[in-house]
There are 2 protein chains.
Amino acid sequence: MAALDLLGRRGALRIVWELREGRVLTFRALQAAAELPPGTLNTRLSELRAADIVAAEGGYRLSPRGAQLIQALWPLMAWSQAWADDLQAKDAR
Amino acid sequence: MAALDLLGRRGALRIVWELREGRVLTFRALQAAAELPPGTLNTRLSELRAADIVAAEGGYRLSPRGAQLIQALWPLMAWSQAWADDLQAKDAR
DNA sequence: CTCTATGCTACAAATTTTGTATCATGAATG
DNA sequence: CATTCATGATACAAAATTTGTAGCATAGAG
């Protein structure tokens, strides 16, 4: 599953997530949002652009394929949120 | 998004994937399936067990929470498959 | 010219991963 | 009992990746 390999790299999912819902971010804004050093961000952006997930048109944004990916990520995000909520509830106890 | 951080580590998504559909694998079988060296697998398993995603009961398997995660991963897997198919189609051209 | 923001590169230090060998335990076999 | 086998796990050095910080080069605004 090649996509898992790509998306499993540090920051990859996070970058896609930060570009959700049509957001267009500059390199530096994306750097701040995804909390990545510039070297890692650049490496990851190269890979994501090669995979036609991210496009660089007047800032970084998701390509049409990337937009589809975001759709596929929603259930994962919902699970992730529930997971975080559970942990918090457990900690509060 | 803490879950993204955990699942973004090398092999994490892959491990969960290999334990899909109630599969129960030994450490070594999981090592072979996920293509990970033992040190990495062990590190990842510790994290996934701490996050209550994987359980070690007569072999490694998904916990109930992990089973929910797999559900949330299906759209991503479908996207991933479509992505791979597209790449293949493009290469064939 | 100066100031600012941009994308991006450089580089050494820190961290993570890899690959291989190996240990220790327990169950099965002879 | 002695041997063999599979298990989960650790050790360790080499390789790869990531990090944090500094800075470069370009372009636009004032």
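All heavy atoms count here, side chains included; hydrogens, waters and symmetry mates do not. By convention in this document, chain letters (A, B, ...) are assigned in the order of the sequence lines, proteins followed by strands, and residues within each chain are numbered from 1.
Among the heavy atoms of the strands lying under 4.0 Å from A:T26 are primed sugar atoms or P, OP1, OP2 only; no base atom is included.
The separation between B:Q31 atom CD and C:dT18 atom C1' is 11 Å, rounded to whole Å. Going from atom CZ of B:R44 over to atom P of D:dG8 covers 18 Å, rounded to whole Å. In this entry the distance linking CG of B:L45 with P of D:dT7 reads 15 Å, nearest Å. Atom CZ in A:R14 sits roughly 16 Å away from atom P in D:dT18 (whole-Å rounding). Rounded to whole Å, atom P of D:dT18 lies 16 Å from atom CD of A:E35. Rounding to whole angstrom units, CD of residue A:E57 and P of C:dG7 are separated by 14 Å. Atoms CG (A:L36) and C1' (D:dT17) sit 13 Å apart, rounded to a whole Å. Residue B:L41 contributes atom CG, which lies 12 Å from atom P of C:dT17 at whole-angstrom precision.
The side-chain heavy atoms of A:W83 and B:L69, taken from C-beta on, include no pair separated by under 4.5 Å.
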>> Run B:R49 and B:E47 through salt bridge (charged side-chain N to carboxylate O under 4.0 Å, His left out) and show every step you take.
In response: CA-CA 5 Å; B:R49 288 169 66 181; B:E47 296 163 354; over 6 Å; no
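One finds a side-chain N or O of B:Y60 lying less than 4.0 angstrom from the OP1 or OP2 phosphate oxygen of D:dA9. Regarding contacts with the backbone of C:dT17, every side-chain N or O of B:R9 stays at 4.0 angstrom or more from both OP1 and OP2. Contact annotation: A:N42 side-chain N/O to C:dT9 OP1/OP2 distance is under 4.0 Å. Dashed line: the shortest gap from a side-chain N or O of B:R28 to OP1 or OP2 of D:dA9 is not under 4.0 Å. For A:T40 and D:dT19, the shortest distance from a side-chain N or O to OP1 or OP2 is below 4.0 Å. The shortest distance between the side-chain N/O atoms of A:R10 and the OP1/OP2 oxygens of C:dT15 is not below 4.0 Å.
If you run side-chain contact (heavy atoms from CB on, under 4.5 Å) between A:I15 and each of A:L48, A:L62, A:I53, only A:L48 comes through.
Of the candidate nucleotides D:dA11, C:dT17, D:dT18, D:dA11 has the atom lying nearest to any side-chain atom of B:P38. Closest to the A:P37 side chain, of the nucleotides D:dA9, D:dG20, C:dT17, is D:dG20.
When ring centroids are compared, A:W79 and A:W74 stay outside the 6.0 Å threshold.
Judged by distance alone, the side chain of B:T43 and the main-chain N or O of B:G39 form a donor-acceptor pair under 3.5 Å.
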